[in-house]
2 protein chains.
Amino acid sequence: MANAGKPDWSGCPTRYAAGIVGDKWCFLLLRDVLLHDKRTYRAFLASPEGISTNILANRLSKLEALGMFTREPDPRKASSVCYFPTQKAKDFLPALLSMMVWATRYDEVTEAPPSFAESFKEDPDGTIAWYEAKMDRVDQALRSS
Amino acid sequence: MANAGKPDWSGCPTRYAAGIVGDKWCFLLLRDVLLHDKRTYRAFLASPEGISTNILANRLSKLEALGMFTREPDPRKASSVCYFPTQKAKDFLPALLSMMVWATRYDEVTEAPPSFAESFKEDPDGTIAWYEAKMDRVDQALRSS
DNA sequence: TAACTACACTTGCATATTGCAAGCGCCTTG
DNA sequence: CAAGGCGCTTGCAATATGCAAGTGTAGTTA
């Protein structure tokens, strides 16, 4: 695996973050959960980057082990499964948005509208709160269905 | 290689960031340059995570190709080499600090003092400026020696 | 000036991780 | 009770990594 799950990658904050987010698939799964409201295996699998199913299974259990996701039965269909972000994952949102601002600036063919970076710069807390509220709505709706 | 260097990993800001920082070694090299004032091959090699020399060479050229680092002769010894951060790399600092705040919160054995997260939260721009100024001092001193 | 050293990589090779395609067991649905 | 969807698991070839050793080029020393 992409090592760095736990042992001795603690201590230094950057190294700790690198141990989780320094893997493109974990990084993208975090995006899917925090920004794109994806909660199921199928949904993750359908992301345009094309993760393969063995890697997806591996990363989902890694993220669960790291306390980023919880694995729960799907309220809509008991045979199915949902992955929900924990508080630890939700708290990663500001860092994710910061990286998106940076990427928006340097990716020549970015699909992000300029308004995104502007609104984050003008009111970071408000932007974060907006995404958090959206996430909470999604999760509450899903859980109580 | 960890793929995702350029082709079709543009567009989505998260994917663009994942293509660069979604690799633990690139991530840690960025830390070494932005935070720990490292500028030489030897210095990178000496980081406690123990990158191997072929991977280091590979990532340095990747980061150079991505416009994050510039490769220049060492002013102190012409036969030696320095890697300097570009503006693109320097602009990644806010995102890096955000991730460190997150890591500091969730890594049970973090070595970062609580004051770090606090000062960033109280005055993010000031904290960023402080690290930028430090970097600029380092680079200016090195370049004019 | 010939040997020595430091530096920035390369190379070879064993091992680990990935990507792809197929398969499996468990519901649910018709 | 046959068919299909879902969440994985398995096998295998291709790729990337880690480790140790080697290479080429400048300076430095004797």
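Excluded from the calculations below are hydrogen atoms, water molecules and symmetry mates; all remaining heavy atoms, backbone and side chain alike, are included.
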Does OP1 or OP2 of D:dC8 have a side-chain N or O of A:Arg71 closer than 4.0 Å? yes
Base, sugar-phosphate, or nothing for B:Tyr83, non-hydrogen atoms under 4.0 angstrom? sugar-phosphate
Under 4.0 Å between a side-chain N/O of B:Ser80 and OP1 or OP2 of C:dA8, yes or no? yes
Would you kindly give the CD1-to-P distance between A:Ile55 and D:dC8, to the nearest whole Å? 15 Å
Please say whether more than 12 non-hydrogen atoms of neighbouring residues, nucleotides or ligands are located less than 6.0 Å from CD in A:Gln87. yes
Measure the distance from CG on B:Asn58 to P on D:dT15 and round it to the nearest whole Å. 15 Å
Could one point to a donor on the side chain of A:Arg42 or the base of D:dG7 with an acceptor on the other under 3.5 Å away? yes
In whole angstrom, give the distance that lies between atom CG of B:Asn54 and atom P of C:dC13. 15 Å
Rounding to an integer number of Å, can you tell me how far B:Tyr41 OH sits from C:dT10 P? 8 Å
Give the nucleotide from the list C:dG19, C:dA8, D:dT9 with an atom nearest to the side chain of A:Ala57. D:dT9
Assign A:Ser52 to base, sugar-phosphate, or nothing according to its heavy-atom contacts below 4.0 angstrom with the strands shown. base
Tell me which one of A:Lys77, A:Lys38, A:Arg76 satisfies side chain to side chain contact (heavy atoms under 4.5 Å, CB included) with A:Cys82. A:Arg76
Just the rounded figure in Å: distance from P of D:dT17 to CG of B:Leu28. 14 Å
Side chain of B:Arg59 - closest among D:dT17, D:dC6, C:dT28: D:dT17
Please report the distance, rounded to the nearest Å, between CG in B:Leu56 and P in C:dT10. 11 Å
Atom NZ of A:Lys77 and atom P of C:dC27 are separated, to the nearest Å, by 13 Å
Just to confirm, is there a sub-4.0 Å distance from OP1 or OP2 of C:dA8 to any side-chain nitrogen or oxygen of B:Arg39? no
Is the cationic atom of B:Arg39 (NZ for Lys, CZ for Arg) positioned less than 6.0 Å from the six-membered ring centroid of B:Phe84 and within 45 degrees of its normal? no
Where the side chain of A:Trp25 is defined as all heavy atoms beyond and including C-beta, which of C:dG19, C:dT28, C:dC9 is the nearest nucleotide? C:dG19
For A:Thr53, which contact category applies under a 4.0 Å heavy-atom criterion: base, sugar-phosphate, or nothing? base
Of the nucleotides C:dA8, D:dG18, D:dG7, which has the atom closest to the A:Thr40 side chain? D:dG7
Would you call A:Glu49 and B:Arg15 a salt bridge, using N to O less than 4.0 angstrom? yes
Specify the separation, in whole Å, of atom CG of B:Leu45 and atom P of C:dT10. 14 Å
Before accepting this row, confirm whether a basic side-chain N of the pair A:Glu72/A:Arg143 lies closer than 4.0 Å to the acidic partner's carboxylate O. yes
